[in-house]
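Comments concern the structure below.
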Amino acid sequence: HKPDPVTTYGNATFALQPWGDTATRKGFWDALAVGAVNVVFAPRGDRVPYGMYADEFVGRHETFTITIPESVWSTGGTLAYLRNIPSSRIL
């Protein structure tokens with residue numbers, strides 16, 4: 001049985017998006033379409049290359065994604081980082 005992305009992402013608050021073939025893989029758009037907050041992992045050095053999230057087409061990605069800094073994900077702190085975000089900031 002293959003999981004249905006609409007159901008999976010639709011039941012989630014956060015959608016962890018590992019790097020795929022492209023910076024914004026299909027799962028990124030699936031999650032966004034059903035209201036999950038995408039969580040992406042900053043590349044080494046925490047610098048996100050311009051245009052990586054198609055900002056020119058959909059607006060500033062910072063308004064609909066959470067970027068986990070390398071200093072957090074490289075030490076296993078991703079879940080604690082997400083748990084510390086006040087629920088009032090998650091719409």
Reported CZ-to-CG distance for the pair Phe14 and Asn38, which is rounded to 0.5 angstrom: 11.0 Å
ILVMFWY network linking Ile68 to Ile90, side-chain heavy atoms under 4.5 angstrom: yes
Shortest non-hydrogen contact from Thr78 toward Val72: N-CG1, 3.9 Å
Close side-chain approach of Leu82 to Leu16, heavy-atom, < 4.5 Å: yes
Atom of Pro5, atom of Asp30 and distance for their closest heavy-atom approach: CB-OD2, 4.0 Å
Which atom of Val34 lies closest to which atom of Gly10, heavy atoms considered: CG2-N, 3.6 Å
Least distance between heavy atoms, Tyr81 atom then Ile66 atom: CE2-CG2, 4.0 Å
Gln17 versus Phe28, closest heavy-atom pair with distance: OE1-N, 3.5 Å
Listed partners of Leu79 passing side-chain contact (heavy atoms from CB on, under 4.5 Å), at least two apart: Arg83
Minimal non-hydrogen separation, Ala36 against Ala12, with atom names: CB-O, 3.9 Å
In one Ile/Leu/Val/Met/Phe/Trp/Tyr side-chain cluster, 4.5 Å: Leu32, Val40: yes
